[in-house]
Amino acid sequence: MRYLVLTDIHANLEALEAVLADAPHYDAVLCLGDLVGYGPNPNECVACVLDLNGLVCLVGNHDLAALGELDLAGFNSIARSAARWTDSALAPAVRTFLAGLAPRLDRPEYVLAHGSPREPIWEYLENAAQGPENFDAFDGALCLVGHTHVPRVFTRDIGGNGPPTVRGVLHGDRLQLSKSHRYIVNPGGVGQPRDGNPRAAYALWDAVAGEIAFRRVSYDIPRTQAKILAAGLPKFLAERLRQGV
Ligand code: ZN
């Protein structure tokens, strides 16, 4: 079984289409939430994701904000204004789809969480100090997360001895999953990367080979930027795509 792992598409259709064109063969898709918010094509991105084979999908904080199901007080002013714009743009069928999703899903083969296993809606999983309690918050060997838009791997030995380690990952990096360790893996964001590399990020998990491959792909950033400005969304949301922040 080969899984395409996507997260934080953020209504960026050019980035999503570039990822789908770049991805080698896969059997199923794991989408970890924040399909909408920030970007100019929320309905088109959700329609595109819904077309994918074997889709398993979470809801993220920006999806919930656009549905009016999250207090916008936790958002900065730019995110807040993007959430309001998205709320007004969402098609009824897209709202219904997003409203039916959960922020965390436990399956025998994997756990999916938008933010973190212990706090799937809000926690930004960034450093090793957050590791122990999060590894304690799920069973099994692998949890896939999104939310930070930064590709990272957290590793802990199976006995829970010693502190977890965390490292960033780059295009072309591969993680060989060892039976003696457990992992929390973030593939990085499709539609708004934040690690200084503007290329869309995603991962491919080959569950038979026990390997996760991290990939980056270029897309037509000027086209997305033009759409953001034409929609009247905050200018910074266009600028940050070029910088990857
Ligand atoms: Zn996000």
Side-chain angles (χ1 to χ4, degrees), residues 4-16 18-19 29-46 48-49 56-87 89-90 94 97-98 101-105 112-117 119-126 130 143-152 168 184-203 214 216 219 221 224 228 233-234 236-241 243-245:
L4 174 64
V5 187
L6 308 175
T7 187
D8 299 281
I9 295 163
H10 282 294
N12 185 334
L13 186 62
E14 289 71 32
L16 176 59
V19 163
V29 177
L30 307 177
C31 179
L32 310 178
D34 278 5
L35 287 79
V36 305
Y38 293 134
N41 287 120
N43 295 316
E44 295 82 354
C45 284
V46 171
C48 183
V49 166
V56 177
C57 192
L58 299 182
V59 74
N61 56 315
H62 284 264
D63 304 316
L64 292 169
L67 294 174
E69 290 182 18
L70 210 61
D71 185 358
L72 295 182
F75 277 37
N76 64 42
S77 64
I78 287 174
R80 205 155 45 228
S81 110
R84 292 203 180 101
W85 182 91
T86 306
D87 186 354
L90 283 186
V94 171
F97 166 67
L98 293 174
L101 304 175
R104 171 173 164 162
L105 204 64
L112 311 179
H114 177 65
S116 75
E119 221 310 334
I121 294 175
W122 279 116
E123 184 176 19
Y124 291 89
L125 201 44
E126 293 175 311
Q130 296 165 285
C143 177
L144 297 165
V145 299
H147 194 48
T148 64
H149 307 196
V150 174
R152 283 197 188 97
I184 301 174
V185 173
N186 188 328
V190 171
Q192 194 194 77
R194 291 183 189 162
D195 61 345
N197 176 353
R199 294 194 293 163
Y202 72 100
F214 297 89
R216 305 299 285 260
Y219 69 96
I221 292 175
T224 311
I228 287 171
L233 283 158
F236 173 67
L237 295 177
E239 286 166 5
R240 71 188 305 174
L241 293 181
Q243 299 158 17
V245 295

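Treat the numbers as computed from the prediction; the structure is a model and nothing was measured. What you see below is based on every heavy atom in this structure, not just the backbone, and it leaves out hydrogens, waters and symmetry mates. We count ligands from 1, going down the list as the structure has it; atoms in each ligand are counted the same way.
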Least distance between heavy atoms, Cys57 atom then Leu35 atom
SG-CD1, 3.7 Å

Taking the inter-plane angle between the rings of His149 and His10 on a 0 to 90° scale, is it parallel (under 30°), tilted (30 to 60°) or perpendicular (over 60°)?
tilted

Criterion side-chain contact (heavy atoms from CB on, under 4.5 Å) on Val190 and Thr7, from CA distance to verdict
CA-CA 6 Å; Val190 171; Thr7 187; over 6 Å; no

Keeping to distances under 2.8 Å, can you name the protein N/O/S atoms close to the Zn ion (ligand 1)?
Asp8 OD1, His10 NE2, Asp34 OD2, His149 NE2

When rounded to the nearest 0.5 Å, the distance separating CD1 of Ile9 from CG of Asp34 is 9.5 Å

Salt bridge or not between Arg216 and Asp195? Use side-chain N to carboxylate O under 4.0 Å.
yes

Is NZ or CZ of Arg240 both nearer than 6.0 Å to the six-membered ring centre of Tyr38 and within 45° of the ring axis?
yes

